[in-house]
Amino acid sequence: MEMWETAGYHPGLGETEVQWREQTFEQGGERRRVRVPVPDEKGLQRLVEVVRKNRQTDLASLSVSEVVHRIDQTVERLLDRNHPLRRRMEDWLPVVTGLAPDVIRTGLTASMKTFRKPQLLRWLAEDFGNPAMLDSFQPRVNGGFTRAISPHLLVHIWSGNVPGIPLWSLVSGLLVRSAQIGKVASAEPLMAGWFAQALEEVDPKLARCLAVVGWQGGDESRERLLFQEAEVVSAYGSNETLEAIQSRIPVTTRFLPHGHRFGLALVGKEALNPARVADVLRKAARDVAIYDQQGCYSPHCFYVEKGGVLSPRQFARMLAHELDIMQIRYPRRTLSPREIGEWNRWNQQAEWRALEGEEAEWIGGDGRFWSVAYEETGDASLLPTCLNRAVLVSAVNDLEEVAGRIAPFRAYLQTAGIAASSRRMFQLADRLAETGITRICALGHMTVPSSGWHHDGRPVLKDLVRLVDVEPSAEVAAEPHNPYSE
Amino acid sequence: MGEKEVLQGLKDMMKAVEADEAAFQNLALQLFQYQYRHNPPYRRFCQSRGRTPRIVKDWWEIPAVPMRAFKEATLSCNDPAEAEAVFMTSGTTRPGKRGKHVHPTLDIYNRSMLRNFRQRFMGARDVLSMGILFPRPETLPHSSLAHYLSLAVREFGGEHSSYLVDGEEVHFSRLLHFLREAERSGEPCALLGASFHFVHVMDFLEQEGLSFRLPEGSRILDTGGLKGQSRHVDPDVFYAGLAARFGVPRHRCINMYGLTELSTQFYDDGNETVPSKKSGPYWIRTRVIDPVSGEDVPYGETGVLVHYDLANVHSVLAVMTEDWGKAVEGGFILMGRAEGAEARGCSLAAEEFLRSSKG
C-alpha cells in the first residue's frame with residue numbers, strides 16, 4: 001500500500017480551495033507520495049490577507065519573550081522522539097531526501113537544539129544587543145532611542161533537500177514577529193508544514209500567522225503578486241534561480257538571496273600525529289558524509305600541511321578509509337542519473353590527473369560511495385567537487401598558503417573547519433576572513449552551525465527588520481512643549 | 001607490431017569497400033597493443049582496469065578513455081612537440097583547460113575524412129562550389145573543424161568556392177554574392193559550416209526578407225549542434241528554415257557529428273525528419289553503454305556513446321563521450337550532451353560553478 005502525506009499549511013484556505021500537486025519519492029524500493037497545496041493567484045492573495053491580519057491581532061501584540069517561550073515549547077515537542085510529528089519526520093524524511101535515517105535523526109536533533117530558549121535568547125542578544133528593542137524603543141548608549149520594526153510579511157523561497165533550512169527561516173521570522181508565507185522545495189516539501197503543525201499544538205493563533213504552500217518555481221504571475229505584497233523576500237537557490245527571482249522583486253522590497261556556497265577544511269601539521277589524527281579523520285569524514293556535502297557549509301577540500309608525522313598523502317589515504325567506514329552507519333543517498341553523470345566526470349578528471357603524474361593520486365572507482373583526489377601542485381581545477389562525498393586533499397607547505405589558493409572562489413565560500421593549535425587557528429582566522437570565508441569552526445561541526453551564526457556573513461534577524469531611531473534632537477525639541485515646561 | 005605495420009594495415013583497410021568483423025577486430029587489437037606500449041598514461045589506465053593486451057580478446061573490451069582525459073593527460077604515442085597538428089576542443093566545459101588531440105601526421109586523418117566525405121556528402125559529384133561558414137585554419141589553427149573544411153574545399157571545392165566568414169563573423173555581402181552567383185549559374189553548390197553560423201545567416205536573411213533557390217543538387221552540411229549557443233533552436237525549425245531560405249530540400253541537408261578527440265566523422269542521410277540516424281564508415285564502431293556499469297545497454301535503450309575509431313592511430317582508439325544516444329538499425333540516434341545536475345542542497349557543485357564562471 002502506498003503511503004500518503006500532505007504537505008503545507010494554509011490557514012483560511014480550505015482543502016478544496018487549493019489545487020494539489022502530487023509528488024512521488026522512491027528510495028530503497030520504497031515508494032511514497034506527497035501532495036502539496038498549490039493556491040491560485042486569488043488563493044495566494046487570500047493567504048496574504050489572512051496571515052497579515054492574524055499577525056496584527058495575535059502576533060504583533062506578543063512580547064519577544066512570549067514568542068521565544070512558544071518556539072521553545074514547539075521544539076521541545078519535536079525533540080521528543082515519541083511525538084507523532086517527530087516520528088513522521090524520522091519516517092518520511094529518509095525516503096524524501098534519500099539521506100540515511102541516522103543522518104536525519106541526528107540532524108533533526110542537532111538543529112532543534114539550536115532553537116531552545118537559551119539558544120534563542122543568545123541569538124537575539126547577538127543580533128540586537130538588547131532584544132527588548134523588538135517590543136519598544138530602547139535607549140541608545142550615545143543618546144536617542146531605537147526600535148526594531150518587524151516586516152508585515154516575510155516571504156521564503158526554499159530549495160534543496162537539507163531539512164534544516166526551512167526551520168531556520170521560519171524561526172527567524174517568528175522571532176521578529178512577522179507574518180510569513182513560504183514556498184516549499186520540491187526536493188523536500190514536508191518539513192515546513194510539520195513545523196507549523198507543531199506550533200499549532202502550542203499556540204494555534206500563532207501558527208495561523210504562517211502559510212506554507214507550493215507552486216512551480218519561476219511562476220511569474222504568482223511570484224510577482226507575492227513579492228509585491230512582501231516587505232522582505234528571502235530565497236535559496238543557484239545564482240541563476242536567484243537572479244530570476246530578483247528580477248521580479250520590486251526595488252522597494254528587501255531581497256535576501258542565499259546562493260550556493262561551499263566549505264573547506266585546514267589541517268595543521270600539529271594535528272597529524274598518530275595520537276590525534278584518528279579523531280581528526282573521523283570528524284573530517286563525518287563532515288563530508290552528513291548531508292552528502294549538499295550543505296553550503298560542507299567541505300569540498302582539505303588543505304593538509306606538510307611536515308607532520310603523517311604526510312598529506314597519508315592523510316588522504318586514511319580519509320578514504322574513514323569515508324568507507326562512514327558508509328556503514330551513514331550510507332550515501334542513491335544518486336539520480338544526472339548526479340551520476342557529474343560524479344563520473346569529476347572522477348574521470350581526478351583519475352586522469354593522477355595517471356598523468358606522480359603529484360596526484362586518486363582513490364575511488366567502482367563500488368565506492370566516496371572518492372578522494374590528492375594533489376600537491378596547488379591545482380584547484382577539481383574545486384568545487386561534484387558533491388556526494390567527493391573530496392580533494394591538497395598538500396600545502398604552510399596553512400598560510402590557503403588564503404591565496406581559495407581566492408578564485410571568494411564569492412562562493414562559506415565555512416572553514418580548522419584542526420590546528422589555538423594560536424594558529426586565530427592567525428588563520430584572520431587570513432581566511434579576508435578571503436570570503438564567513439564561518440570558522442572545528443572539524444566535526446561544519447554541518448551544525450551554532451545558534452545565532454551570521455549566515456553568509458549577515459546578522460540574520462537584524463536583516464529582517466527595519467530599525468527606527470528617535471534622535472536626541474527630537475527629545476530635546478519636545479521639552480519646551482511640555483505643560484510643565486517653564 | 002610497430003607503427004608502420006599498423007599504419008599499413010589501416011591504409012589497406014581503408015582502400016577496401018567494406019571490412020568484415022574479423023578485419024576490424026584484428027586491426028583494433030593490434031592498434032590497442034601499439035597504443036598500450038607507447039602511451040604511458042593510457043597504459044596505467046588499462047592496468048588500473050585490469051585490461052591489458054594479454055587479457056583483452058575482443059575490440060569492445062579495449063578500455064575506453066573518457067573525453068575529459070584529453071584535457072588532463074597528453075594521450076599521444078609520439079612526441080607532441082613534433083606533431084603536424086594539435087587539435088583542441090573549444091573549451092566550453094572548463095575555461096582555460098582544453099582537450100588536446102595530438103596528430104604526429106594528418107595522413108590517416110585526411111584519408112579517413114576524404115573517403116568518408118566523398119561517400120556521405122558529395123553524392124555522385126566530384127566537385128561542388130563550396131561556401132564555407134567557418135573561419136580558415138589560419139585563423140583557428142587548433143580547430144579540427146577548420147582543418148576538416150579546408151580539406152573539403154581543397155579536394156572537392158569548385159573554382160567559385162569561398163570562405164564566407166571573416167575572422168569569426170559572417171561576411172554577409174560575400175555570402176549574398178556567393179548565393180546569387182550560384183543561383184545564376186545553375187550549377188549545384190554546397191554550403192558547409194557551423195550550425196550556429198547557419199542560425200545567424202538565417203536570422204539575417206529573414207531580417208532582409210531574402211530567400212534563395214539554390215540549383216537542383218545543391219547540398220548543405222552543418223555541424224556542431226544547436227545547443228549551448230546564444231539561443232536554443234529546435235532542430236525541426238532549423239532544417240525547415242534551411243530548406244525555405246536556400247531551397248535545398250531537407251534530405252540534402254546533412255548534419256555531421258564529429259569530435260576533436262576522433263579522426264573519423266559520422267553523418268546522417270539528410271534531415272527529412274529529426275532526429276536523424278548517424279552512421280560512420282566501417283573503420284569506426286559505436287557502443288551504447290550504461291555509464292555506471294560500463295556494460296552495453298539493451299538494444300534500443302538510451303546510454304552513453306563510446307566510439308572505437310581505428311583512424312585514431314596515434315592517440316587512443318576507444319573514446320567514451322559525454323553524449324547520450326541510442327542504437328538503431330545501421331547507426332545511432334544522437335540525443336545530446338549529458339547535462340550537469342542541479343544541486344539538491346545549498347552547496348555549490350562543480351557544474352554550476354563552471355556555468356557561472358563562464359557567463
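A note on names: the letters A, B, ... follow the listed sequences, proteins ahead of strands, and every chain is numbered from 1.
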Worksheet item: Could you state the interatomic distance from CZ (Phe45(B)) to CH2 (Trp352(A)), rounded to the nearest 0.5 Å?
Response: 5.0 Å
Worksheet, complete the sentence: Among Gln414(A), Gln348(A), Arg261(A), the residue with the most heavy-atom pairs under 4.5 Å to chain B is Arg261(A)
Worksheet item: Given that the side chain runs from C-beta out, which part of Thr74(B) has a heavy atom under 4.5 Å from chain A: side chain, backbone, both or neither?
Response: both
Practice prompt. Using a cut-off of 6.0 Å, state whether more than 12 heavy atoms not belonging to His454(A) lie near its atom NE2.
Written response: yes
Discussion item. Can you tell me which portion of His300(A) sits under 4.5 Å from chain B's heavy atoms? Options are side chain, backbone, both or neither.
Written reply: side chain
Worksheet item: Are Glu351(A) and Pro66(B) side-chain neighbours, meaning at least one heavy-atom pair lies under 4.5 Å?
Response: no
Practice prompt. Could you look at Asp379(A) and say if it's the side chain, the backbone, both or neither that has a heavy atom under 4.5 Å from chain B?
Written response: side chain
Item to complete: First locate atom CG of Asp290(B), then atom CD1 of Ile340(A), and finally report the distance between them rounded to the nearest 0.5 Å.
Response: 8.0 Å
Worksheet item: Nearest heavy-atom pair of Glu356(A) and Glu72(B): which atoms, and what distance?
Response: CG-O, 3.7 Å
Item to complete: Go through Arg43(B), Arg49(B), Met67(B) and name the one with the most non-hydrogen pairs under 4.5 angstrom from chain A.
Response: Arg49(B)
Worksheet item: If only atom types and distance count, is the side chain of Arg68(B) paired as donor or acceptor with the main-chain N or O of Gln349(A) below 3.5 Å?
Response: no
Fill in: Segment of Thr385(A) engaging chain B (4.5 angstrom heavy-atom cut-off)
backbone
Item to complete: Report, as yes or no, whether the 6.0 Å neighbourhood of atom CG on Asp79(B) holds more than 12 heavy atoms from other residues, nucleotides or ligands.
Response: yes
